[in-house]
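Heads up, the thing below is written out as structure tokens.
Labels below follow one simple rule: chain letters A, B, ... track the order of the sequence lines, proteins then strands, and each chain is numbered from 1.
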2 protein chains.
Amino acid sequence: MGRPAKHDPDDFIDAAVELFARGGARSVALSAVAASIGAANGSIYHRFADRASLLAAMWLRTSARFERGYRGQLGEPNLESVVAVGPWVVEWCRDHPAEAQVLQAGLRAFGPDDWPPEARAALTTPDDIRRDLRRIAKRLAASTSATPDEIAFAMLELPIAIVRRALHAGRAPGKREVDLVRGLMARILGDPSDRT
Amino acid sequence: MGRPAKHDPDDFIDAAVELFARGGARSVALSAVAASIGAANGSIYHRFADRASLLAAMWLRTSARFERGYRGQLGEPNLESVVAVGPWVVEWCRDHPAEAQVLQAGLRAFGPDDWPPEARAALTTPDDIRRDLRRIAKRLAASTSATPDEIAFAMLELPIAIVRRALHAGRAPGKREVDLVRGLMARILGDPSDRT
DNA sequence: CTCCTTCTGGAGGTGTTTCTCTAGAACTCT
DNA sequence: AGAGTTCTAGAGAAACACCTCCAGAAGGAG
């Protein structure tokens, strides 16, 4: 009922993410977002209460998408799937360069202090991934010589760090980054060539 | 000759870095910077042509300071000093939390596209550190089983990544981060316990 | 067809930020 | 002391961004 929407809310988020990837948080002006998808200035406020809500939506959608893929890739975690998740992160960033920039910038870049309460409430969940990682890492620590902290780092922050340089230089991560992740994770989790 | 300056240019940069660490790039308003050191609004323009110049100065001074300390710590690079430089990065971030936030945010957060030409010219130099790292890593590759890429990563990006989580959570990196860096670098560069 | 709802389009109001400009203060050099 | 220079202090112009608001378009329900 009512006039059909011309633009999907996701269209606005897409445009905002794209603008962010190009020019940083400052260039995510609501007028610029609306203009870049051919919508009128005021039309945006039917979907997002204010600028903070749009920034919140950018971050929440992006981190949720990443986390969803990450968990799917991890499956029921064992040593193999843990090693495989590293290269997967690199590939995800290559396939979603703009969203990868959002993740790289980190939550702080999106001013969570200004978010509306319901958006902030949605933030408590994503931190669960760290808890899960620590749990998984503890279980795996028995089958490797690495500490749980080292395993957890290798599973998430290591591949992200490797992608970082490529993204900051404005190019997509490629084979070199995949190789680097694979090599380092093997070295940290116990080189397979050691355990033939 | 002339009236003595009441504020050092560095005072403005200090205030800007502090504001950035607290509230992100958006809260670095020239008026806020001036106010936070008790200077008049217009007084800032005798030192920085515009906002972009101040942002450029923030980034350039911070990265130069870090690089200077880093090179000093590295000295004439050998396996020992390379391993020691990792924990040093963590400690530098703990001792300079606001500047560490600047480094973490990355060049992109400071809108280098808007910088004046002379500031952009100063950017070509810092990238030399990557070249140097590759050179050092190549030399060291002979005495370890790691590839040059892995060594270069372990020397700079690894400790930075480890500090990242602590900084984003708003706390200073501590012993835990130092231990993690030490452990991982040992594992990557060849565990000393392996080569007794 | 008429009412109701939802959305569009775009004109501004409001507030903030950047930047300019000028009078004059503080200091040095001759 | 006088001249010249550098900086301060702060008012305010100009630009920009956020947000409001409302007339009307586009559909569904009775």
Note, B:P159 side chain near B:I162 side chain (heavy atom, < 4.5 Å):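 Not touching, per the 4.5 Å side-chain cut-off.
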
Any A:R26 side-chain nitrogen or oxygen under 4.0 Å from OP1 or OP2 of D:dC16: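 No, A:R26 has no side-chain N/O under 4.0 Å of OP1/OP2 on D:dC16.
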
Kindly give the atom pairs (protein nitrogen or oxygen, nucleotide nitrogen or oxygen) under 3.5 Å for nucleotides 13-15 of chain D.
none

Rounded to whole angstrom units, what separation is found between the [atom1] atom of [X] and the [atom2] atom of [N]?
| X | N | atom1 | atom2 | answer |
| --- | --- | --- | --- | --- |
| B:L19 | C:dT17 | CG | P | 11 Å |
| A:F48 | D:dT20 | CZ | P | 15 Å |
| A:L54 | D:dA17 | CG | P | 15 Å |
| A:L30 | D:dC16 | CG | C1' | 13 Å |
| B:D11 | D:dC7 | CG | C1' | 15 Å |
| B:I44 | D:dA11 | CD1 | P | 17 Å |

Terminal helix-axis angle for the helix from C:dC1-D:dG30 to C:dT30-D:dA1, with five pairs defining each axis and rounding to 10 degrees: 10°

Given [options], identify the nucleotide with an atom nearest to the side chain of [X].
| X | options | result |
| --- | --- | --- |
| A:Y45 | D:dG27, C:dT8, D:dT20 | D:dT20 |
| B:A5 | D:dC7, D:dC19, C:dC19 | D:dC7 |
| A:A29 | C:dC27, C:dT8, D:dC18 | D:dC18 |
| B:R51 | C:dT8, C:dC19, D:dG27 | C:dC19 |

Sugar-phosphate, base or nothing in reach of A:V33, heavy atoms under 4.0 Å: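 Nothing, no nucleic acid heavy atom in range.
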
Evaluation steps, salt bridge (charged side-chain N to carboxylate O under 4.0 Å, His left out), between B:E157 and A:R164: CA-CA 9 Å; B:E157 269 128 1; A:R164 198 162 194 244; over 6 Å; no

Where A:V28 and A:A16 come nearest, the two heavy atoms and their spacing: CG2-O, 3.9 Å

Partner set under side-chain hydrogen bond (donor to acceptor under 3.5 Å, both in side chains) for B:D179, not counting sequence neighbours: B:K175

Under the side-chain hydrogen bond (donor to acceptor under 3.5 Å, both in side chains) test, residues paired with A:D10 that sit two or more places apart: A:R61

Which residues share a ring-ring contact (aromatic ring centres under 6.0 Å, His included) with A:F66, sequence neighbours left out: A:Y70, A:W88, A:W92

Salt bridge (Lys or Arg N to Asp or Glu O under 4.0 Å) partners of residues 135-144 of chain A, not counting sequence neighbours, each pair once: A:D132-A:R135

Under 3.5 Å, N/O pairs linking protein and nucleotides 9-16 of chain C:
unit_1	atom_1	unit_2	atom_2	d
C:dG9	OP1	A:K6	NZ	2.8

Got a sec, which residues hit side-chain contact (heavy atoms from CB on, under 4.5 Å) with [X], two or more places apart in sequence or on another chain?
| X | value |
| --- | --- |
| B:D50 | B:A52, B:S53 |
| A:A64 | none |
| A:R47 | A:A5, A:H7, A:P9, A:F12, A:S43 |

Got a list of side-chain donor-acceptor pairs under 3.5 Å for residues 98-112 of chain A, not counting sequence neighbours?
unit_1	atom_1	unit_2	atom_2	d
A:E99	OE2	A:R65	NH1	3.2
A:Q101	NE2	A:L167	O	3.3
A:Q104	NE2	A:I160	O	3.0
A:R108	NH2	B:A21	O	2.8

Residues in salt bridge (Lys or Arg N to Asp or Glu O under 4.0 Å) contact with A:R176, at least two apart in sequence or another chain: B:D149

